[in-house]
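Right, one structure below, let's go through it.
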Amino acid sequence: MRAVAAIALNTFREAIRDRILYLILAVAIALIAVSRFVSLLTVGSEVKIVKDLGLSAISVFGLLATVFVGVSLVSKEIERRTVFTLLAQPVRRWQFVCGKYAGLLLVLAASIAVTGAALLVAVALKGASPWGLVPAIALIFVELALVAAFAVLFSSFTNPILAAVGTAVTYVVGHLSWSFDLLEKRMPGAAGRVLCRVLHAVLPNLDRLNVKAEAVHDIALPAGYFGAAIAYGVFYSLAVIVIASLVFERREFV
Amino acid sequence: MEPVVELQGLRKAFRGHLGLGRSVAVDGLDLRVGRGEIFGLLGPNGAGKTTTLKMMLGLLRPDAGSVRLFGLPPESVAARARIGFLPENPYFYDYLTPVEFLDLYARLHGIPAAERKPRIEQAIARVGLAGRERTALRKLSKGLIQRLGLAQAIQHDPDLVILDEPMSGLDPVGRREVRDLILGMRDAGKTVFFSSHILQDAEMLCDRVAIVFRGRLRAVGKLDDLVSHDAKWIEVGVRGGVPADVPGETTTAPDGTVRIKVRDVAELTRVLAAVPSAGGEVLSVWSRRETLEDLFLREIGNARSEERPS
């Protein structure tokens, strides 16, 4: 555990000493601030516009932070050969992968805490109660944690460009996984239906973690939904990290 | 007594581009290194030294053969807890300061918080980095990074230190300090296993050496046993008159002294007798024996001629 914590802390330190993260955060906060003025120009509830734009900003810029930091997380260590001295220490390879992932989660948690707080303040300044947004923000974190697990998985066996493409594809597919459900019903052949069912079950279903619309429109979530969504995200992320650890275990460092 | 390092039939080959062709980097290497030894793995560039070290650390898996460190495989965390490692041309996290960097590695070794600070201070002082504790690594020179890498390798008081080209990037003062550090480790009963192509360092430090070429072991043993003790030639330094018919080859130094190179004692006797009669004065007589460099070049020459088709 101490090795995981030490590597996580170092990963976090690396990210917070990189200017790009601050740029992403600054743009996200600026967008939340601007949403107050954009809402004046639109028809409909101003608070809803602020909430909608704010949650989207947290999600999109959180995704950018995940991709920027995540995709080179493991590959950079290999490319720069810093991994040689690290793995020569009493550190197991899975501890290295988990440490890198935990560090990325810390970065995400800090980014979402900052942008989330900015949104809560913006909504409160509009005179509305912001607390209904908290479950949506928490699930954005869980969603990005799942995407981050894929970023670490891709980073453990390929270069940052391919890892970025893989992570982006995972994000898009994760939001379209409902289409396999729909496709299954329309497929004429049994084999096609089985394939659609398998893909629907295996691919991440990021829509399960998306409750932004409910938060914007103050619609209550069904009982148990929040807990089940968190459990889904946590177990899926853990499964991906286990695979990443197995892939990394087999790697050789030439 | 169980050896600290034991390599048996170690073999590693790499696939070429697109998986085509194979190049053998290490080919059936057998080595045993005992406690308290300074062992030098010597060879020209591309001999397989770094590949061997990487297999010793579990960074590469051998195709055949085995590695045992303290009787354990290199994947064992218990074995790696007793090792310090410095890679060749190290590159470390450049956003950290030396203190933060050493603290990270001390944490990985599970050194308690209370012990970390004094240990880090001690390691920094030992490698001569005092005064640079708070400078970001990206601002340190190559030589200072090399020293920091050494501090990282020794701060947890390992029983075995594996150093890949430890003198690379160091100035003469740094090399001298690293040599003293390595000798100090041996005095403390530690084992030092290092790779180098700088033979002068190996000659000054090593209890035993191994010479590898194209992945194969060419020679291993104590330097004294490996090099020939017969004089290769004898050199006579002469000032003033030099006899016209000296048997050996002569060279004149800028200060006017002449060096006469003779093959054996018979030729030496003739020169010593002839110099005073020519009005000269013998300044020095020096017997040149085989050095590690000669041995190294001889073994590599032998290996090349064995490989050449007859």
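Naming convention: chains lettered A, B, ... in sequence-line order (proteins, then strands); numbering from 1 in each chain.
- For A/R93, the part lying under 4.5 angstrom from a heavy atom of chain B is the side chain only.
- Minimum heavy-atom separation, A/T85 to B/F85: CG2-O, 4.0 Å.
- Sparse packing is recorded around CD1 of A/I161, with 12 or fewer heavy atoms of other residues, nucleotides or ligands lying under 6.0 Å away.
- The number of heavy atoms from other shown groups lying within 6.0 Å of CZ (B/F213) is above 12.
- Once rounded to the nearest 0.5 Å, the distance linking OG1 of B/T50 with CZ of A/F84 reads 9.0 Å.
- Put simply, CZ on A/R81 and OH on B/Y91 are 10.0 Å apart, with the number rounded to the nearest 0.5 Å.
- Put simply, the side chain of B/R80 gets close to the backbone of A/V91: a donor and an acceptor are under 3.5 Å apart.
- Heavy atoms of A/V254 lying under 4.5 Å from chain B belong to its backbone as well as its side chain.
- Heavy-atom pairs under 4.5 Å with chain B peak, among A/I7, A/V83, A/L87, at A/L87.
- For a residue to count as touching a neighbouring chain, one of its non-hydrogen atoms must lie under 4.5 Å from one of that chain's; by this rule A/E77 touches chain B with the side chain only.
- The environment of B/R186 atom CZ is dense: over 12 non-hydrogen atoms of other residues, nucleotides or ligands sit within 6.0 angstrom.
- Other residues, nucleotides and ligands place no more than 12 heavy atoms under 6.0 Å from the CZ atom of B/R132.
- Considering only heavy-atom pairs separated by less than 4.5 Å from chain A, the leading option among B/V77, B/N89, B/L59 is B/L59.
- In this structure, the separation between CG on A/N10 and OH on B/Y95 is 3.5 Å, given to the nearest 0.5 Å.
- The greatest number of non-hydrogen atom pairs below 4.5 Å with chain A, out of B/I162, B/L86, B/L108, is found for B/L108.
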Go through A/R2 and B/R107 one step at a time and tell me if the side-chain contact (heavy atoms from CB on, under 4.5 Å) criterion holds.
CA-CA 7 Å; A/R2 61 158 202 263; B/R107 280 169 191 262; over 6 Å; no

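- By number of non-hydrogen pairs under 4.5 angstrom with chain A, the leading residue of B/Q152, B/H156, B/E100 is B/E100.
- Separation of atoms CG (A/L86) and CZ (B/F92) is listed at 10.5 Å; rounding is to 0.5 Å.
- For the pair A/Q89 (side chain) and B/H109 (backbone), a donor-acceptor distance under 3.5 Å is absent.
- Counting heavy-atom neighbours within 6.0 Å of A/F235 CZ, excluding the residue itself, gives a total of 12 or less.
- Contacts between B/E75 and chain A at a heavy-atom distance below 4.5 Å are absent for every atom of the residue.
- A distance of 8.5 Å separates CG of B/L104 from CG of A/L9, quoted to the nearest 0.5 Å.
- Proximity to chain B (any heavy atom under 4.5 Å) is shown, for A/R92, by both the backbone and the side chain.
- Contacts between B/L96 and chain A at a heavy-atom distance below 4.5 Å involve backbone atoms as well as side-chain atoms.
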